[in-house]
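These numbers were taken from a predicted model, which means no experiment stands behind them. Per chain, numbering begins at 1; letters A, B, ... match sequence-line order.
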Amino acid sequence: MLNIYNTLTRKKQPLTPIKPNEVSIYVCGMTVYDYCHVGHARVMVVFDVAVRYLRYLGFKVNYISNITDIDDKIIQRANENGEDFNELTNRFIQAMLEDSDALGVIRPDTQPRATKFIPEIIAMIQDLLDNKHAYITDSGDVCYSVKSFANYGNLSGKKIEELRAGERVNIDESKENSLDFVLWKMAKLNEPSWDSPWGTGRPGWHIECSAMSTVCLGNHFDIHGGGMDLQFPHHENEIAQSEGATEEKFVNIWMHNGFVRINDEKMSKSLGNFFTVREVLKKYQPEVLRYFILTSHYRSPLNYSDADLNAAKQALTRLYTALRNLDTDNKSCPDDSYKQRFTAVMDDDFNSPEVLAILFELSHSINKARTDDLPLATQLASELKRLGGIVGLLQADPEIYLQGIEQDSASIEQLIVDRKTARQQRNWAEADRIRDELQQQGIVLEDNPSSTTWRKI
RNA sequence: GGCUGAAUGGCAGAAUGGCUAUGCAGCGGUUUGCAAAACCGUCUAUGUCGGUUCAAUUCCGGCUUCAGCCUCCA
């Protein structure tokens, strides 16, 4: 039985889907005005693993992750670039898809864009006005009235009267309560805008997610996810909007992933301490980044450093080395204890660090078996690849992972032959010179009793 | 100021009321011409002060420190 930590109750609880055998899940995606950084990568990978595991368990999963393609920052950036905001967002949506594909993330079933759901957003705002949860300000904006929703603050554990709105931001005098947030914002001159019953404008950020999740998954669905920072106010506001508009329960389980940090500080655009996914992928294979993300439990902080990325790289090399030269063609494994433990730890709120520990124990068993029980080694290797696949790891050909594809393998093979000749002549100086030469090229040799193999450092 | 959450060995990072993961790094050995890889063995830890208990790193409370949220953020 899969147990998931629910932010709403601060406890792990069994997943009991609304429809038997089907799971509906919505995850807040990116605002597309720049490249993805490692923090975005974490969200993508964490929920990719969750969805992969749900599917492995046999659930029919409907996974929705939205794209915010209209907001202040997008308008600002488009103006700075002197381009239409659609050109900007299309470009960064493309970049985001490239990054997530590289990381081995299976694309969500639907990735709705806010600008494609304007009529649905308007309809939901109208429902909120009808239900007396929203009002029109002097400036013409439509705002949500926080005080109209009794459960406001339940998700984040905050109380309206304890929140110090305006402490770090100017209070908008036209709002009834400073915590009230905009549902529909009047357009300024030359801003992108859409017609609405309240005048031309654009939707606020929070209402987009309420409208799109409801349209895609219905009024009430199973899991809603996103980064910790969205807990308040974004997800709090979503609950207020959706439950205010539909008068039904919105979401059963709220999942929030922890931050990526640098030197114990949150990685973020505003602090300027971020690495984009594509920067990292210039130095490391994408699977190393994915592995690195899985070394920490999804709710824990994840500190980013070169040392940790290098450790992840070493660790992944060890796993692929265990798979090397073994037929992993889906052989069944006589020992199902690994699989059972895998399921047990994944059932415990997706405990990926424990999964990695199991993968290492498997690779250890493979290495031991490979000299005197090759059939067993092969079966264990199949199991390793199979279990790794459930979390999106170890699906590459080990030779390609370890050697890369950009290497000039012919010249390397020639040098290995030359070295073999030198060794047969007991010319150790020449043999070591060749090995050093390859080392300079980033190639390390491994002599086996019968042959010599090579891999990238 | 309010609200969350965290503190584990040299580093990363799980778990657990009594047996102490896993990876990287270190040390000794097997192997190797020498290495590398692999294997065998091995060292290092639960922030602090109390409480509950036969037994606490684990449960409870105080303290300290750190991070996040209360503006936009994954």
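Contact annotation: side chain of A:R435 to base of B:rA35, donor-acceptor pair present below 3.5 Å. No N or O donor and acceptor, one from the side chain of A:K368 and one from the base of B:rC39, sit under 3.5 Å apart. At a cut-off of 3.5 angstrom, the base of B:rC72 holds no donor-acceptor pair with the side chain of A:K269. Judged by atom type and distance alone, A:N303 does not reach the base of B:rC11 through any side-chain donor-acceptor pair under 3.5 Å.
Checking B:rU32 for Watson-Crick or G-U wobble geometry (two distances, each under 3.5 Å) identifies no partner in any strand. Across all strands shown, B:rA21 has no partner, as no Watson-Crick or G-U wobble contact with both distances under 3.5 Å is found. Searching all strands for a Watson-Crick or G-U wobble partner of B:rC69 with both distances below 3.5 Å returns B:rG2. Across all strands shown, nothing is found opposite B:rU52 as a Watson-Crick or G-U wobble partner with both distances under 3.5 Å. In this structure, B:rU16 makes no Watson-Crick or G-U wobble pair, since no nucleotide meets both defining distances under 3.5 angstrom. Using Watson-Crick or G-U wobble geometry with both donor-acceptor distances under 3.5 Å, B:rG41 finds its partner in B:rC27. Pairing partner, B:rU57: none, since no Watson-Crick or wobble contact has both distances short of 3.5 Å.
A:R77 comes within 4.0 angstrom of nothing in the nucleic acid, heavy atoms only. Residue-level contact check: A:H37 touches the bases, meaning some heavy atom is under 4.0 Å from a base atom. Across all strands shown, A:M267 has heavy atoms under 4.0 Å from base atoms, whether or not it also approaches the sugar-phosphate. Residue A:R423 is classed as a base contact, given a heavy-atom separation below 4.0 Å to a base. Contacts of A:N367 with the nucleic acid, taken as non-hydrogen atoms under 4.0 Å apart, involve only primed sugar atoms and P, OP1 or OP2. Heavy atoms of A:K73 sit under 4.0 angstrom from at least one base atom. Within 4.0 Å (heavy atoms only), A:H297 reaches sugar-phosphate atoms of the nucleic acid but no base atom. A:P233 comes within 4.0 angstrom of sugar-phosphate atoms only, judged by non-hydrogen atoms across all strands, and of no base. Within the nucleic acid shown, A:G29 comes within 4.0 Å of sugar-phosphate atoms alone, with no base atom in reach, counting heavy atoms only. When heavy atoms are screened at a 4.0 angstrom cut-off, A:A307 is found touching no nucleic acid atom at all. At the heavy-atom level, A:F259 lies under 4.0 Å from base atoms of the strands shown. If you check every strand for non-hydrogen atoms under 4.0 Å, A:D308 touches sugar and phosphate atoms only. Backbone-only engagement by A:L230 is indicated by non-hydrogen atom pairs under 4.0 Å involving sugar-phosphate atoms exclusively. Residue contacts shown for A:N257 include a base, since a base heavy atom lies under 4.0 Å away.
At least one side-chain nitrogen or oxygen of A:S300 sits closer than 4.0 Å to the OP1 or OP2 atom of B:rA14. Contact annotation: A:K266 reaches the phosphate of B:rC69 (side-chain N/O to OP1 or OP2, under 4.0 Å). Neither OP1 nor OP2 of B:rC34 sits under 4.0 Å from any side-chain N or O of A:R433. Listed pair A:H364 / B:rA21 fails the phosphate criterion, with no side-chain N or O lying under 4.0 Å from OP1 or OP2. Close to B:rU4, at under 4.0 Å from its OP1 or OP2, lies no side-chain N or O of A:Q231.
Note: CD (A:E287) to P (B:rG23) measures 18 Å, nearest angstrom. The CD1 atom of A:I434 sits 17 Å away from the P atom of B:rG33 (whole-angstrom rounding). If you take CD of A:Q441 and P of B:rA36, they are 20 Å apart, rounded to a whole angstrom. To the nearest angstrom, P of B:rU16 lies 9 Å from CG of A:N351. Across the protein-nucleic acid pair, A:K159 atom NZ and B:rC70 atom P stand 18 Å apart, rounded to whole Å. Note: CD (A:E354) to C1' (B:rA12) measures 15 Å, nearest angstrom. Atom CD1 of A:I412 is separated from atom P of B:rA36 by 20 Å (rounded to the nearest Å). When rounded to the nearest whole Å, the span between CD of A:E446 and C1' of B:rC34 equals 15 Å.
Taking atom C1' on both B:rC43 and B:rG26, the two are 8 Å apart, rounded to the nearest angstrom. B:rU46 and B:rG10 have their C1' atoms separated by 16 Å, with the value rounded to a whole Å. Taking the C1' atom of each, B:rA6 and B:rU44 are spaced 23 Å apart, rounded to whole Å. Taking the P atom of each, B:rG13 and B:rG17 are spaced 22 Å apart, rounded to whole Å. Rounded to whole Å, the separation between the P atoms of B:rU52 and B:rA45 comes to 28 Å. B:rU8 sits 15 Å from B:rC66 when the C1' atoms are compared, rounded to a whole Å. Rounded to the nearest Å, the gap between the P atom of B:rA56 and that of B:rC19 is 11 Å. Across the C1' atoms, B:rC59 and B:rG23 are found 30 Å apart, a figure rounded to whole Å.
A cation-pi contact, defined as under 6.0 Å to the ring centre and within 45° of the axis, is absent between A:K313 and A:Y291. Under the 6.0 Å distance and 45° angle rule, A:K158 counts as a cation-pi partner of A:F232. Cation-pi geometry between A:R299 and A:Y5 is met: under 6.0 angstrom from the ring centre, within 45 degrees of the axis.
Taking 4.5 Å as the limit, every side-chain heavy atom of A:K159 sits out of range of all side-chain heavy atoms of A:Y152. Taking 4.5 Å as the limit, some side-chain heavy atom of A:R278 sits within range of a side-chain heavy atom of A:E98. Counting heavy atoms from C-beta outward, A:R419 and A:T452 have side chains that approach closer than 4.5 Å. Put simply, the side chain of A:F259 reaches to within 4.5 Å of the side chain of A:D229, judged on heavy atoms. Residues A:C143 and A:E176 have side chains not in contact (no heavy-atom distance under 4.5 Å, counting atoms from C-beta outward). Using a 4.5 Å cut-off on side-chain heavy atoms (C-beta onward), A:S296 and A:P301 make no contact.
Side-chain contact check for A:N90 and A:Q94: no donor-acceptor pair (N or O, by modelled atom type) lies under 3.5 Å.
Heavy-atom nearest nucleotides on RNA chain B were determined for A:A429 and for A:G39, and the one closer to the 5' end corresponds to A:A429. Nearest-nucleotide mapping onto RNA chain B: of A:W428 and A:D348, the residue sitting toward the 5' end is A:D348.
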